[in-house]
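See below for the structure under consideration.
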Amino acid sequence: MTSHISRLMIGASLAAIALPAHAQENADSIIVTAQRLNQTAVLRGGSVGVFGDKAAEDTPFSIKTYNEALILNQQPQTLGQVLENDPSVRTTLGFGIAGELFVIRGFALSGDDVGFGGLYGIAPRQLIAPELAQSVQVLNGSSAFINGAAPGGSGIGGSVNLMPKRAGDKDLNRVTLNYTAPEHVGGAFDVSRRFGANGEWGVRVNGTARRGDVAIDDEFRSSYVLGAAFNYNNGPLRLALDVVYQRVKVQHQRPKLVIGSVIPDVPGASTNYGQPWQNTTLRDIFGQFRAEYDVAENATIYAAFGARDGSESGFYQTIRLTDAVTGAATASGSFIPRTDNNEAATAGLRVKLASDVWAHEVNFGGSINWLVNRNAYQFYDVSATPTNIYDPVAAPRPNFGTFAGGNLDDPFPITRQKLSSLFVSDTVGFWNDRVLITAGLRLQTIGSKSYAANAFGTVPAGGLTGKYNRDAVTPVFGLVIKPSEGVSLYANRVEGLVPGATAGASANAGTGDLPVSNAGEVLPPFVSTQYEFGGKLTFGKVNAGLALFQIDRDIAIYTSDDARPGFLLYGPFGVQRHRGIELSIDAKPVEGLRIIAGGSVIDAKLRKTQGGVNEGNKPTGVPKYMLNANVEWDVPFLPALTLTGRVVHTGRQAANLTNTLFLPSWTRFDLGVRYVTLVGGSPLTLRAGVDNVSNKRYWASAFDSFRPDLLQGSPRTFKASASIDF
């Protein structure tokens with residue numbers, strides 16, 4: 001691999017030396033321009049939900065945007081690999097599947113709740129190809145008012161929003177070839193144009209295809225993406241249409257490892273203890289249409305509609321450790337076909353009013369999501385066939401089913417959801433917006449219907465088994481004070497919202513099984529409350545942000561019913577509290593040197609628990625602290641050459657609720673190089689990088705909601721790519 005990269009770089013250097021002398025000055029200008037466009041950057045501010053696009057200093061929230069150059073330079077294969085750059089985010093896997101789960105401020109964000117252009121339910125559910133995004137925005141903190149309640153019931157600690165690619169002011173013709181060791185190869189194209197007398201029409205089409213084994217032994221991945229964006233911008237009217245096709249496959253994936261009462265030694269960095277018969281095929285067609293119209297100089301109406309048709313078919317696996325010393329383990333499997341048909345819409349009006357003393361920005365509107373999940377399942381037991389995490393054994397694909405549900409050949413609806421809301425907000429500015437006060441309310445309705453996977457009693461398979469329809473009001477309060485140029489202080493109180501749970505007929509609250517007074521009751525939506533204070537600084541070529549936060553999340557538990565002795569009462573009586581500090585910096589201390597860095601500290605505790613069990617303990621998978629740093633250096637004596645480096649550090653984290661198991665802290669180093677030369681007068685960018693340079697083996701995450709399971713970190717991974725813009 002190293003010899004291939006060396007030959008590539010030597011060839012590029014010779015091409016640069018061979019340029020005619022009279023063209024060298026123009027060539028240098030093209031190379032410098034290409035280097036500037038290639039710079040990895042974090043942008044402050046971005047799209048803040050119903051508030052629209054806001055500069056960082058004008059919003060009482062913490063938001064960062066990772067640009068397109070970062071995605072192109074780092075060659076990530078999943079969204080989680082993009083979010084490795086964020087010191088407040090860590091990535092793990094969902095239960096038994098290939099889908100990524102993002103942990104922000106210590107709380108889960110599922111793929112179901114990743115936004116696409118600001119709409120929920122539109123992005124692919126398990127894995128998202130990062131090549132389709134022009135930028136990735138991370139909003140730290142609860143956002144039930146800003147974005148509405150997340151349909152997947154997550155997003156309490158933050159949200160992620162993908163901004164689709166659009167045509168820029170300049171024409172773009174780009175072709176990219178990429179390689180990930182040992183056998184993953186691919187290519188991509190990206191073309192954009194603007195048309196019309198004033199360039200009011202824009203078209204951008206991009207696509208990528210890659211496939212082959214990755215660094216984990218025998219793990220195969222493929223991804224095919226095709227996206228098209230059309231936009232119109234002329235006078236008071238702005239329109240945009242984005243359409244994307246994505247097909248992703250994962251074969252022989254290394255899964256999370258379910259453990260018992262002991263944390264085992266970490267297997268070899270590239271060891272794959274998954275089963276060869278594991279496979280996941282994901283197909284999604286999704287898109288959105290947006291429209292804005294300025295009805296007056298100070299008033300804009302807007303609307304958006306999006307939809308997704310998704311299909312999943314997977315033979316999944318669970319690897320369970322039986323002996324932590326020898327590494328003995330067993331495997332079980334499940335076949336789960338699933339389809340999703342989702343729609344989302346939002347519309348509203350923003351009005352700006354001003355006088356000599358104050359300014360108002362009033363925003364009101366509504367949103368709605370419709371989601372239909374069709375799935376079936378068949379579980380298999382292969383525990384009789386052992387494997388080993390240190391010396392894996394390929395077990396035959398199981399054919400003994402333990403239990404099943406739904407129609408495997410033609411899945412029918414299992415759940416239907418409808419989330420709707422009405423919102424209103426007002427941001428009042430004083431002294432030329434040196435002080436900004438925001439207040440708003442969103443009335444949210446969460447409704448769902450569930451259907452039987454199998455017939456029971458008088459209910460046939462596919463028959464209605466339950467309904468849920470509850471309302472909640474989520475307010476927002478925000479304050480921004482700008483005491484001097486480049487300094488912005490802020491505070492907010494905002495809430496998160498997830499559907500309520502259903503009370504069982506009996507339970508154990510530490511005193512033995514007892515009947516439940518409100519058995520069968522569906523609780524109102526659970527609310528989490530966030531308080532945040534922070535500051536943002538812009539000084540020369542340095543941008544920095546500091547945030548202190550507290551999030552209290554309601555948890556449903558059983559407790560003694562004082563009104564009915566001998567009975568339990570089910571309700572949101574439990575509390576999980578996360579307190580933390582976040583610091584982020586992006587700077588250019590000297591010409592040619594760029595730094596993106598940050599860290600976070602989280603004190604997470606279970607404040608109130610069922611029967612007092614585990615009260616005061618730390619929730620699983622929430623690191624005490626996290627640190628990230630990215631560095632880019634344009635070598636002064638060879639301006640076409642850029643050296644890059646990244647360090648990711650994650651602190652100690654609990655691996656079980658009793659806090660008898662903890663994962664040690666871990667640190668990973670990544671290195672890379674980027675070189676720009678000319679081919680036929682067009683800039684060619686060559687990239688090579690190594691993630692996890694030392695091939696460190698480590699348990700990366702223990703995050704899970706109900707059992708101890710561990711995700712192993714990725715092994716040393718070589719990457720290379722070449723992009724030409726012509």
Side-chain angles (χ1 to χ4, degrees), residues 34 37-43 45-47 53 64-79 81-83 85 114-119 122-124 127-138 160-178 186-196 199-210 223-233 238-248 284-292 304-308 344 683 685 687 721 723-726:
L37 295 175
N38 268 325
Q39 292 179 4
T40 294
V42 174
L43 309 176
S47 178
D53 292 337
K64 299 182 291 294
T65 300
Y66 296 94
N67 72 346
E68 184 179 355
L70 180 146
I71 298 171
L72 187 62
N73 289 331
Q74 294 185 356
Q75 309 162 61
Q77 295 180 358
T78 67
L79 178 59
Q81 292 176 5
V82 177
L83 296 177
N85 296 282
V114 171
F116 180 70
L119 295 176
I122 304 305
L127 292 170
I128 302 173
E131 294 95 337
L132 63 87
Q134 182 161 308
S135 62
V136 176
Q137 299 177 343
V138 179
V160 174
N161 186 33
L162 306 180
M163 299 304 294
K165 288 184 174 181
R166 300 274 173 78
D169 295 333
K170 296 183 179 180
D171 291 348
L172 173 67
N173 302 286
R174 176 181 297 146
V175 175
T176 301
L177 300 177
N178 51 61
F189 73 92
D190 202 343
V191 179
S192 73
R193 292 288 187 276
R194 298 212 70 89
F195 304 97
E200 60 269 23
W201 292 96
V203 178
R204 185 167 183 175
V205 180
N206 67 287
T208 183
R210 46 182 170 79
S223 177
Y224 302 93
V225 178
L226 180 63
F230 310 90
N231 72 296
Y232 175 83
N233 187 351
R238 294 170 294 281
L239 304 171
L241 173 65
D242 306 286
V243 181
V244 181
Y245 169 85
Q246 173 183 289
R247 184 180 178 87
V248 175
D284 290 277
I285 300 173
F286 59 102
Q288 64 167 346
F289 174 76
R290 308 188 72 89
E292 294 184 356
F305 175 80
R308 174 172 76 94
T685 303
R687 306 174 185 86
S721 71
S723 298
I724 186 168
D725 292 25
F726 55 92

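Throughout, numbering of the chain's residues begins at 1 and tracks the sequence. Not measured: the values here are computed from a predicted model.
- Contact check for K165 versus S192: no side-chain heavy atoms found under the 4.5 Å cut-off.
- For the pair Q81 and Q74, the minimum side-chain heavy-atom distance is 4.5 Å or more.
- Side chain of Q246 to main chain of L127: a donor-acceptor pair is present (N/O by atom type, distance under 3.5 Å, no hydrogens or angles).
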Apply side chain to side chain contact (heavy atoms under 4.5 Å, CB included) to residues S135 and L43 and explain how you reach the verdict.
CA-CA 10 Å; S135 62; L43 309 176; over 6 Å; no

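- Residue F289 holds its CZ atom at 12.5 Å from CZ of F230, rounded to the nearest 0.5 Å.
- Taking both residues in full, the closest heavy atoms of T65 and G46 are given as OG1-CA, 4.2 Å, listed atom of the first, atom of the second, then distance.
- Going from atom CG of L226 over to atom CG of N206 covers 7.5 Å, rounded to the nearest 0.5 Å.
- Summarising the geometry of R210 relative to P130, their closest heavy-atom pair is NH2-CD, 4.3 Å, with the distance given to 0.1 Å.
- Side chain of R174 to backbone of D725: no donor-acceptor contact under 3.5 angstrom is found.
- Remark: N233 CG to E292 CD distance equals 9.0 Å, nearest 0.5 Å.
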Kindly indicate, with the supporting measurements, whether the criterion side chain to side chain contact (heavy atoms under 4.5 Å, CB included) is fulfilled by N173 and R193.
CA-CA 9 Å; N173 302 286; R193 292 288 187 276; 2.9 Å; yes

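- Salt-bridge check for D242 with R166: passed, with a basic side-chain N closer than 4.0 Å to an acidic carboxylate O.
- The distance from atom CG of L172 to atom CZ of F726, rounded to the nearest 0.5 Å, is 9.0 Å.
- The side-chain heavy atoms of V136 and L162, taken from C-beta on, include a pair separated by under 4.5 Å.
- For N161 (side chain) and G118 (main-chain N/O), a donor-acceptor pair under 3.5 Å exists by modelled atom type.
- When all heavy atoms of A344 and I122 are compared, the pair lying nearest together is CB-CD1, 4.0 Å.
- Contact check on D169 versus R194 returns no salt bridge, with no Lys/Arg side-chain nitrogen under 4.0 Å from an Asp/Glu carboxylate oxygen.
- For the atom pair CD1 of I128 and CG of D284, the computed distance is 9.0 Å after rounding to the nearest 0.5 Å.
- For the residue pair P164 and Q134, the shortest heavy atom distance occurs at O-CB, 3.6 Å.
- What you find for S223 and V248 is that their closest heavy atoms are OG-CG2, 4.0 Å.
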When you look at D190 and R204, which way does the side chain to side chain contact (heavy atoms under 4.5 Å, CB included) test go after all the steps?
CA-CA 7 Å; D190 202 343; R204 185 167 183 175; 2.7 Å; yes

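- N231 and R238 share no side-chain donor-acceptor pair at under 3.5 Å.
- To the nearest 0.5 Å, atoms CZ (F305) and CZ (R290) are separated by 12.5 Å.
- Using the six-membered ring where Trp is involved, F116 and F286 have ring planes that are perpendicular, over 60° apart on the 30 and 60° scheme.
- V205 is listed as a side-chain neighbour of F189, based on a closest heavy-atom distance under 4.5 Å.
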Using side chain to side chain contact (heavy atoms under 4.5 Å, CB included), reason through R687 and L72 one step at a time and then give a plain yes or no.
CA-CA 10 Å; R687 306 174 185 86; L72 187 62; 3.3 Å; yes

